[in-house]
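Naming convention: chains lettered A, B, ... in sequence-line order (proteins, then strands); numbering from 1 in each chain. What's counted below: heavy atoms across the whole structure, side chains too, no hydrogens, waters or symmetry copies.
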Number of protein chains: 2
Amino acid sequence: MSLKDFLAFDSLLSDRTRLAIMATLTSSEEPIDFNTLLEQLDLTKGNLSSHMRKLEDAKLIKVSKRFIDRKPKTTYVASTRGSLELKNYLTQIQNVIEKVDE
Amino acid sequence: MSLKDFLAFDSLLSDRTRLAIMATLTSSEEPIDFNTLLEQLDLTKGNLSSHMRKLEDAKLIKVSKRFIDRKPKTTYVASTRGSLELKNYLTQIQNVIEKVDE
DNA sequence: AAAACTAGTTTGTATTACAAACCATTATAT
DNA sequence: ATATAATGGTTTGTAATACAAACTAGTTTT
């Protein structure tokens, strides 16, 4: 795969924040909630919220909203598609790394 | 290094196009000229021009402008700092990849 | 019953990438 | 000789994007 192909393949994951979010989700066995992501990645709420919305719209994650102890609790998991796209993206980056190392 | 640190370290190279440009430059022994980059990465001239300007302002590349056969010819090489920053950035991505693979 | 906290969302703004139009010069065609 | 097109870029306008401040809806505390 050439660098040209790397550029041609556009993905939501080319944003670093979303890459980190997806890395967090796929690395976890359990669903992760909004506030945990907020802490772990040190984002603002608005920023996180809009990234999660984009990932949801692209069906890269699955969102569950329910009330726990009368309080809203939103949790996220990576979808199958999301995990695949992350793997795919990281493979491409890996190729770039190897190209540079040669 | 945590994902938080990964996000905190902001770099011009977090743009994919610039990452590809720097990968191209560091992989080459010789300087690379404007039109070669244009072809190899399939960009528009304006887009390439502005990326190169940013890389130059950040001192990640060195630019040489001269006339060859009466025509202007701009060539680029990665600066020491640029090569370092690329390596640095790729190392960070590598860490993310390993985190996901675990 | 007011104030403060929790858990997010909406909306406005500032950056950023990008491409169309432009510029200066050189080569080609009429 | 003089338009016309090609070369090698740069400037500038626009569209997309990330981001954070302000807001919403409900809950707990005082």
Side-chain angles (χ1 to χ4, degrees), chain A residues 3-4 6-25 31-58 60-77 85 89, chain B residues 3-4 6-25 31-58 60-77 85 89:
Chain A
L3 287 171
K4 192 186 292 199
F6 171 61
L7 291 185
F9 176 78
D10 203 2
S11 163
L12 276 185
L13 301 187
S14 53
D15 176 76
R16 280 151 30 98
T17 303
R18 282 190 297 263
L19 182 64
I21 290 168
M22 289 303 295
T24 304
L25 293 185
I32 299 192
D33 63 53
F34 189 87
N35 285 294
T36 301
L37 281 175
L38 213 55
E39 276 180 32
Q40 284 195 9
L41 302 179
D42 201 25
L43 304 169
T44 60
K45 294 188 288 176
N47 189 9
L48 178 57
S49 180
S50 55
H51 282 307
M52 298 320 276
R53 176 67 72 89
K54 283 193 183 174
L55 291 172
E56 182 183 8
D57 289 349
L60 301 184
I61 61 172
K62 290 191 172 163
V63 182
S64 138
K65 285 178 185 295
R66 51 182 85 180
F67 280 82
I68 306 286
D69 294 335
R70 275 181 236 90
K71 284 180 273 176
K73 179 135 183 165
T74 305
T75 62
Y76 308 95
V77 292
E85 182 148 341
Y89 185 74
Chain B
L3 288 171
K4 193 186 292 200
F6 171 61
L7 292 185
F9 176 77
D10 203 2
S11 163
L12 277 185
L13 302 187
S14 53
D15 176 76
R16 280 149 33 98
T17 303
R18 282 190 297 264
L19 182 65
I21 289 168
M22 289 304 295
T24 304
L25 293 185
I32 300 193
D33 63 52
F34 188 89
N35 284 294
T36 302
L37 280 175
L38 213 54
E39 278 179 31
Q40 285 194 10
L41 302 180
D42 200 26
L43 304 168
T44 60
K45 294 190 288 177
N47 189 10
L48 179 57
S49 180
S50 55
H51 282 307
M52 298 320 276
R53 175 68 72 88
K54 284 193 183 174
L55 291 172
E56 183 184 8
D57 289 349
L60 301 184
I61 61 173
K62 290 191 172 164
V63 182
S64 140
K65 287 178 183 296
R66 49 183 85 180
F67 280 83
I68 306 286
D69 294 336
R70 277 180 235 91
K71 284 178 275 179
K73 178 137 183 164
T74 305
T75 61
Y76 308 96
V77 293
E85 182 147 342
Y89 185 75

Could you state the [atom1]-[atom2] distance from [X] to [N], rounded to the nearest angstrom?
X       : N      : atom1 : atom2 : result
A:Arg66 : C:dA7  : CZ    : P     : 16 Å
B:Leu55 : C:dT16 : CG    : P     : 14 Å
A:Leu48 : C:dT6  : CG    : P     : 17 Å
B:Asp57 : C:dT16 : CG    : C1'   : 15 Å
B:Phe67 : C:dT26 : CZ    : P     : 7 Å
A:Arg16 : D:dC19 : CZ    : P     : 9 Å
B:Ile68 : D:dT7  : CD1   : C1'   : 14 Å
A:Asp69 : D:dT27 : CG    : P     : 12 Å

(request) Name the nucleic acid region contacted by A:Arg18, choosing base, sugar-phosphate or nothing; use a 4.0 angstrom heavy-atom cut-off, strictly under. (result)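 Contact class for A:Arg18: sugar-phosphate only.
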(request) May I ask you to decide whether A:Lys4 forms a salt bridge with B:Asp42, counting only side-chain N to carboxylate O separations under 4.0 Å? (result)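 No salt bridge links A:Lys4 with B:Asp42.
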Distance in Å, [X] [atom1] paired with [Y] [atom2], rounded so as to fall on 0.5 Å steps:
X       : Y       : atom1 : atom2 : answer
B:Ile21 : B:Leu41 : CD1   : CG    : 6.0 Å
B:Ser14 : B:Leu7  : OG    : CG    : 10.0 Å
B:Glu56 : B:His51 : CD    : NE2   : 15.0 Å
B:Leu48 : B:Leu43 : CG    : CG    : 5.5 Å

(request) Ignoring hydrogens and angles, state whether a donor on the side chain of B:Thr24 or B:Gln40 is under 3.5 Å from an acceptor on the partner side chain. (result)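 B:Thr24 vs B:Gln40: no donor-acceptor pair found between side chains.
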(request) Using distance alone, with no hydrogens and no angle criterion, decide if A:Asp33 and A:Thr36 have a side-chain donor and acceptor under 3.5 Å apart. (result)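 A pair is found: one side chain offers a donor N or O, the other an acceptor, under 3.5 Å apart.
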(message) Whether A:His51 contacts D:dC19 is assessed here as follows: a side-chain N or O lying under 4.0 Å from the phosphate OP1 or OP2. Is that the case?
(response)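 Yes, A:His51 has a side-chain N/O under 4.0 Å of OP1/OP2 on D:dC19.
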(request) Compare the minimum distances between each of D:dA20, C:dT16, C:dA27 and the side chain of A:Thr44, then state the nucleotide with the smallest one. (result)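 Per side-chain heavy atoms of A:Thr44, the pick is D:dA20.
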(request) Check every atom of D:dA18, D:dT28, C:dT26 against the side chain of B:Arg70 and return the nucleotide holding the closest atom. (result)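 The nucleotide sitting nearest to the side chain is C:dT26.
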Could you pull out the protein-nucleic contacts involving nucleotides 8-11 of chain C (nitrogen or oxygen on both sides, under 3.5 Å)?
residue : atom : partner : partner atom : Å
C:dG8   : OP1  : A:Thr74 : N            : 2.7
C:dG8   : OP1  : A:Thr74 : OG1          : 2.2
C:dG8   : N7   : A:Lys45 : NZ           : 2.8
C:dG8   : O6   : A:Lys45 : NZ           : 2.8
C:dT9   : OP1  : A:Lys65 : NZ           : 2.7
C:dT9   : OP2  : A:Ser49 : OG           : 2.9
C:dT10  : OP2  : A:Arg53 : NH2          : 2.7

